[in-house]
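First comes the structure, then the notes that go with it.
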Number of protein chains: 2
Amino acid sequence: MYCNNKNYSMSNGRFAISVHILTLLASEPEQYCSSEYLSGSININPVLVRKELVNLRNHGLVISKEGKTGGSTLAKSAGLIAMSDIYDAVREKQFLGKSINEPNPACTIGRQINQHLDDLYRESERALMQSLDKMTLAEFLQKFS
Amino acid sequence: MYCNNKNYSMSNGRFAISVHILTLLASEPEQYCSSEYLSGSININPVLVRKELVNLRNHGLVISKEGKTGGSTLAKSAGLIAMSDIYDAVREKQFLGKSINEPNPACTIGRQINQHLDDLYRESERALMQSLDKMTLAEFLQKFS
DNA sequence: TATTACTGAAATGAAAATTGTTACAGTTTA
DNA sequence: TAAACTGTAACAATTTTCATTTCAGTAATA
């Protein structure tokens, strides 16, 4: 849908942070939550929250409003957002990673390994996505008592 | 089986590097390959290769021999090594990651999110492993012409 | 219309993680 | 004893991640 390959490299906290943001928004439907409020629960800097919100917005998961009383809210019902949508929004590069350096093209193995890793990753990421398809944000929220 | 949580944090190139190492070893059965040779194909520092070999050895995937004519070789037939075994060897922490900071325990969502993320990760990682189970190192090697 | 409370975004810095390098003791072969 | 390796530590360089500051722009509202 949209891809901002600017600064991030799919990795650490981004999925967790986006899930956290969206869960908070889902728990306060009809409300616009400020980045300050969100960052208070996640315990990270509000500017980072706003950066994640840019991405979630670009992927059609949240809507933001500027100005006083501004903030963010879910762009659609939590029942219509799957965990795989969130994964898809934060995903970049290949989830199992590649070596930073180019393998040796003079070597039979080195010359082809990235192609074959790509194939393997594609297949296993598909399995991962299928699993993440099974839970919606609404179902995830229900776990919180 | 074994876990060396010393310096690494499951992430980027390690899976790819370990697959590369093992593919090279599988392509030269009956031989002990030096870390120099392996690093030449991967295009990384031989010391890094030796560090990965420590891990693969600890997980029972390779055997190494010291001294002149030393090097490493597969500990078992490539047909008996699944990609999931390699994933398992390099895996650490949670593959989708957590925020570095502790979420706010005073918040209903913050207090429980890590527990629920754990559950989600466990389930989706199981799906990933099942997918990686399907290919052996021998099958992977066959793709190289 | 001035104030307040937000977002959006850039720029910069600090901290952490990753990768590279050097060095050298120990092992085995010949 | 020399040569060619492994094993490992220590440290440097690089890259990535996360935090902070700052400020322009927007919208509500008193």
Side-chain angles (χ1 to χ4, degrees), chain A residues 4-18 20-21 25 28 31-40 42-58 62-73 90 92-93 96-103, chain B residues 4-18 20-21 25 28 31-40 42-58 62-73 90 92-103:
Chain A
N4 66 334
N5 273 324
K6 288 163 211 155
N7 298 313
Y8 300 112
S9 82
M10 165 59 191
S11 59
N12 298 318
R14 295 229 296 135
F15 179 75
I17 287 171
S18 283
H20 198 146
I21 289 173
L25 296 185
E28 310 277 7
Q31 284 204 341
Y32 282 81
C33 300
S34 74
S35 61
E36 196 82 34
Y37 168 73
L38 299 171
S39 72
I42 306 173
N43 193 17
I44 62 173
N45 195 285
V47 174
L48 292 183
V49 171
R50 293 207 283 270
K51 281 184 184 165
E52 279 311 315
L53 286 169
V54 170
N55 184 54
L56 294 172
R57 204 158 52 235
N58 286 336
V62 310
I63 293 172
S64 301
K65 205 171 67 173
E66 292 191 341
K68 191 172 178 178
T69 78
S72 298
T73 193
V90 300
E92 289 180 22
K93 303 188 177 176
L96 287 179
K98 292 272 182 63
S99 176
I100 276 186
N101 305 323
E102 277 301 304
Chain B
N4 65 334
N5 272 325
K6 286 166 213 153
N7 298 314
Y8 300 112
S9 83
M10 164 59 191
S11 59
N12 297 318
R14 297 228 295 135
F15 179 76
I17 288 171
S18 284
H20 198 148
I21 289 172
L25 297 185
E28 310 277 8
Q31 284 204 342
Y32 282 80
C33 300
S34 73
S35 60
E36 196 82 34
Y37 167 73
L38 299 171
S39 72
I42 306 174
N43 193 18
I44 61 172
N45 195 284
V47 175
L48 291 183
V49 172
R50 294 207 282 271
K51 282 182 185 171
E52 278 311 314
L53 286 169
V54 171
N55 184 52
L56 295 172
R57 202 156 57 234
N58 286 336
V62 311
I63 293 171
S64 301
K65 207 171 67 172
E66 291 191 343
K68 192 174 177 177
T69 77
S72 298
T73 192
V90 300
E92 290 181 21
K93 303 190 178 174
Q94 279 152 320
F95 74 126
L96 286 179
K98 293 271 183 61
S99 176
I100 277 186
N101 306 324
E102 277 301 305

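To find a chain, count down the sequence lines: A is the first, B the second, and so on, and within it residues start at 1.
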- prompt: From the list dT27(C), dG20(C), dC6(C), which nucleotide is the closest neighbour of the side chain of L48(B)?
  reply: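 Comparing dT27(C), dG20(C), dC6(C) against the side chain of L48(B), the answer is dG20(C).
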
- request: Check every atom of dG20(C), dT8(D), dT6(D) against the side chain of N101(A) and return the nucleotide holding the closest atom.
  value: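 Per side-chain heavy atoms of N101(A), the pick is dG20(C).
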
Output the rounded distance in Å from [atom1] ([X]) to [atom2] ([N]).
X      : N       : atom1 : atom2 : answer
Y32(A) : dT7(C)  : OH    : P     : 12 Å
Q31(B) : dA4(D)  : CD    : P     : 17 Å
E66(A) : dA24(D) : CD    : P     : 15 Å
K51(A) : dT22(D) : NZ    : C1'   : 13 Å
Y37(A) : dT7(C)  : OH    : P     : 14 Å
N55(B) : dG7(D)  : CG    : P     : 13 Å
E36(B) : dG20(C) : CD    : P     : 14 Å
N58(A) : dT7(C)  : CG    : P     : 16 Å

query: Can you tell me if the side-chain N/O atoms of R57(A) get under 4.0 Å from OP1 or OP2 in dG8(C)?
result: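 Looking at the OP1 and OP2 atoms of dG8(C), one of them is under 4.0 Å from a side-chain N or O of R57(A).
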
query: Counting just side-chain N and O atoms, does S64(B) come under 4.0 Å of either OP1 or OP2 of dT6(D)?
result: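 False: S64(B) side-chain N/O out of range (4.0 Å or more) of dT6(D) OP1/OP2.
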
Please list, pair by pair, any protein nitrogen or oxygen found under 3.5 Å from a nitrogen or oxygen in nucleotides 22-24 of chain C.
none

Steps toward side-chain contact (heavy atoms from CB on, under 4.5 Å) verdict (S99(B), N43(A)): CA-CA 9 Å; S99(B) 176; N43(A) 193 17; over 6 Å; no

Roughly how far, to the nearest 0.5 Å, is the [atom2] atom of [Y] from the [atom1] atom of [X]?
X      : Y       : atom1 : atom2 : value
I42(B) : E102(A) : CD1   : CD    : 13.5 Å
R50(A) : N55(A)  : CZ    : CG    : 16.0 Å
L53(B) : L38(B)  : CG    : CG    : 6.5 Å
E36(A) : N45(A)  : CD    : CG    : 8.5 Å
I17(A) : N101(B) : CD1   : CG    : 8.0 Å

Sort me out a list of protein N/O and nucleotides 28-30 of chain D N/O pairs below 3.5 Å, or just none if empty.
none

- prompt: Is there side-chain contact between V54(B) and R57(B), with at least one heavy-atom pair below 4.5 Å?
  reply: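 The answer is yes, as the side chains (C-beta and beyond) meet within the 4.5 Å cut-off.
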
- prompt: Minimum heavy-atom separation for G97(B) to A16(A), with atom names?
  reply: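 That closest heavy-atom pairing would be O-CB, 3.4 Å.
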
query: For L53(A), which contact category applies under a 4.0 Å heavy-atom criterion: base, sugar-phosphate, or nothing?
result: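 Answer is nothing: L53(A) stays at 4.0 Å or more from every strand.
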
query: Has the side chain of T73(A) got a donor or acceptor atom that lies under 3.5 Å from a matching backbone atom of Y32(A)?
result: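 Flag not set: sc T73(A) to bb Y32(A) has no pair under 3.5 Å.
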
message: Need to verify one output field. Residue with the more 5' nearest nucleotide on DNA chain C, S72(A) or P46(B)?
response: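 Going by which nucleotide is closer to the 5' end, it is S72(A).
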
